[in-house]
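Note sheet for the following structure.
In what follows, chains are A, B, ... by sequence order, proteins preceding strands, each numbered from 1. No experiment lies behind these values; they were computed from the predicted model shown.
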Amino acid sequence: MSGIDEIYSKLSKSISKEEFVEKVNEKVEQMGGLCDEKTAAMLVAHDLGLNETGSSSQKIVDIKSDSGNVNLIAKVLSVFPIREFTRGDGTFGKVGNLLVADETGSIRITLWDDKADLINQGFIEISQNLQISGYVKEGYSGVEVNVGNNGMIAHTDEDIQVKNSSVKISEIKDGMGNINVIGRLLDISDTRTFNKKDGSKGRVGNITIGDDTGKIRITLWDDKTDKMTELHPGDAVEVINGYARENNFNQQVEIQIGNHGIVKKTETSVKYQENFTPISDIVPGESYSIQGSVSGLGEIREFNRDDGTVNMVSNIYVSDDTGRIRVAMWADHALLVDELDIDTPIQIIDAYAKSGFNEDIELSAGNRTRIIINP
DNA sequence: CCCCCCCC
C-alpha cells in the first residue's frame with residue numbers, strides 16, 4: 001500500500017483512508033488487474049475530482065459543462081424522489097436528484113443506482129452539508145453533476161453559506177426545499193383545528209401570494225398560523241425556508257411552512273396582476289378567475305347536506321365579451337346576491353369549473369374563492 | 001399532518 005499512501009496523503013482532507021482503499025481495490029478489479037495500485041489510486045483521485053495537489057473543492061459558479069470530474073462542498077436545498085427505470089438491456093436502474101448550493105450558486109446533482117438509494121436510506125436530507133464527487137454533464141435543465149459508481153457522497157462538517165436568492169413563484173416545483181420567495185398577499189383563510197394521529201390538536205391555515213409570474217397557496221402549521229393575524233391582503237410578504245409539496249387534495253404545489261420556516265411582512269414592492277380567463281375558454285376540472293358583469297341573479301337557497309349540516313347557495317350569471325357562465329356561490333358568498341344588481345362589475349377569483357346542471361359548465365365559488373364587487 | 005367543488 002505504500003504507493004497509494006503518498007497519493008492519499010494529499011487527499012486525506014476529502015476522503016477517509018478506508019473509503020479510498022476500497023475504491024482503489026474496486027478500481028484494480030475493474031481494470032481486470034491490468035494496473036497496479038498506485039495507478040489505480042491516481043485514477044480514483046481523478047474520478048473524485050481531486051487533483052494531486054490536494055486542492056479539492058470547486059465552487060459551483062466555476063463548474064462548466066466541460067469541467068469533467070469535480071469535487072464540491074455544498075448544502076442540500078432540495079431532495080427529489082427517486083425514479084426507477086428499465087435500461088435497454090433489461091436491467092433496472094434508479095435515478096434521483098438533489099439541488100445543492102454554496103455561496104456562489106446552486107447546481108443540480110443526479111444520483112445513480114446505489115447513490116440514489118442514499119436518498120431513501122435517509123443519508124441525504126435537506127440542509128445537510130455534503131462533499132460530492134462526480135462528473136459534469138449537460139443535463140436536461142443545464143449543467144449537472146452526476147454521481148455514479150465512481151463518485152462519492154459524504155457528510156461534511158464544513159460550514160456552508162448559501163447564496164440566499166429568492167425564487168419566482170413559477171419556478172417553485174414539487175420537492176423543493178429552502179424556498180425563499182416574496183409575493184403580494186392575496187388571500188387569508190380561517191385557521192382550522194384538526195386531530196393529529198398522536199391525538200393532539202393541530203392548527204392549520206392558508207394564505208395565497210402572487211408575484212409577476214403566478215400565485216401559490218401557502219400552508220402554515222400550528223404556531224405559524226399566529227402570524228396570519230398580523231397580515232393583511234395587499235401586504236408584501238416574504239417567505240424564508242419554505243418547502244414545496246404537491247397536496248393530495250387537488251394536486252397543486254403549495255409552500256409548506258413548518259418549524260424552520262418564516263413568513264413575514266416586508267417592504268419590498270411586489271407586482272401582481274390577476275390572470276383572468278375569457279369565459280368562453282373555461283373547461284371543467286380547473287380553477288379560474290373571471291371578470292365581467294352580473295347578467296343574472298338567483299335567490300339564496302338553504303339546503304341540507306348528506307351529513308345533516310345546513311348550507312346555503314345562490315346562483316348568479318356573469319358575462320364578459322366572450323360568453324356567459326353560471327356561478328354557484330356557496331356559504332357566506334351566497335349572501336352577496338343582496339349587494340348585486342344586473343350589470344354590476346364583478347371579479348370571481350379562483351373558482352372551480354365543473355360540469356353542472358344540464359351539463360352546462362359552471363363555476364363553484366367556495367371558501368377558496370374571492371369575489372370582488374365593483375373592482 | 002388539513003381541506004369546498006355541495007343546490008335546482
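- An aromatic stack links Trp221(A) and the base of dC1(B), using centre distance under 5.5 Å and interplanar angle under 30°.
- From Ile172(A), atom CD1 reaches atom CZ of Arg245(A) across 13.0 Å, with rounding to the nearest 0.5 Å.
- Of the two residues contacting DNA chain B, namely Asn367(A) and Asn315(A), the nearest-nucleotide position lying further toward the 5' end is that of Asn367(A).
- Listed by chain and number, the residues in a side chain to side chain contact (heavy atoms under 4.5 Å, CB included) with Arg324(A) are Ser295(A), Tyr317(A), Ser319(A) (sequence neighbours excluded).
- Considering only side-chain atoms of Val204(A), the nucleotide from dC6(B), dC7(B), dC2(B) that sits closest is dC2(B).
- The OG atom of Ser355(A) sits 7.0 Å away from atom CD1 of Ile361(A), with the distance rounded to the nearest 0.5 Å.
- No aromatic stack links Phe249(A) and the base of dC2(B), using centre distance under 5.5 Å and interplanar angle under 30°.
- In this structure, Asn195(A) reaches neither bases nor backbone, as no heavy-atom distance under 4.0 Å exists between it and the strands shown.
- Mapping Phe194(A) and Asn311(A) onto DNA chain B by nearest heavy atom places Phe194(A) at the nucleotide closer to the 5' end.
- At a non-hydrogen distance threshold of 4.0 Å, Arg301(A), Phe303(A) from residues 280-304 of chain A come into contact with DNA chain B.
- The distance between atom CG of Asp306(A) and atom C1' of dC7(B), rounded to the nearest whole Å, is 12 Å.
- Taking atom CG on Asn248(A) and atom P on dC2(B), their separation rounds to 8 Å, with Å as the unit.
- With respect to Lys215(A) and Asp350(A), a salt bridge is recorded, a charged nitrogen being found less than 4.0 Å from a carboxylate O.
- Residues Arg184(A) and Asp235(A) are not paired through a salt bridge, judged by the lack of any N-O separation under 4.0 Å between the basic side chain and the carboxylate.
- Contacts of Ala351(A) with the nucleic acid, taken as non-hydrogen atoms under 4.0 Å apart, are absent.
- Applying the 4.0 Å criterion to OP1 and OP2 of dC2(B), one finds that Lys196(A) has every side-chain N and O outside that range.
- The base of dC7(B) lies outside donor-acceptor range of the side chain of Ser314(A), with no N or O pair under 3.5 Å.
- The interatomic distance linking Met329(A) (CE) with dC6(B) (P) rounds to 18 Å, in whole Å.
- The interatomic distance linking Glu362(A) (CD) with dC5(B) (C1') rounds to 9 Å, in whole Å.
- With dC8(B), dC7(B), dC2(B) as the choices, the nucleotide that has an atom nearest any side-chain atom of Gln256(A) turns out to be dC2(B).
- Here dC7(B) presents its P atom at 19 Å from CD1 of Ile316(A), a figure rounded to the nearest Å.
- Salt-bridge annotation for Lys27(A) and Glu37(A): absent, with no side-chain N of the basic residue lying under 4.0 Å from a carboxylate O of the acidic one.
- Taking the 5.5 Å centre cut-off and the 30° plane limit, the aromatic side chain of Trp330(A) is classed as stacked on dC6(B).
- Spacing between atom CZ of Arg192(A) and atom C1' of dC4(B) amounts to 10 Å, rounded to whole angstrom units.
- Residue pairs satisfying the side-chain hydrogen bond (donor to acceptor under 3.5 Å, both in side chains) criterion with at least one member in residues 330-343 of chain A, sequence neighbours excluded, are listed as follows: Trp330(A)-Ser364(A).
- At the heavy-atom level, Thr369(A) lies nowhere under 4.0 Å from the strands shown.
- Looking at heavy-atom distances under 4.0 Å, Arg326(A) makes contact with a base.
- Rounded to whole Å, the distance from CD on Glu246(A) to P on dC1(B) is 12 Å.
- Between the side chains of Arg217(A) and Asn250(A), no donor-acceptor pair of N or O atoms lies under 3.5 Å.
- A donor N or O paired with an acceptor N or O is not found under 3.5 Å between the base of dC4(B) and the side-chain atoms of Arg305(A).
- In this structure, Leu363(A) atom CG and dC4(B) atom P are separated by 19 Å, rounded to whole Å.
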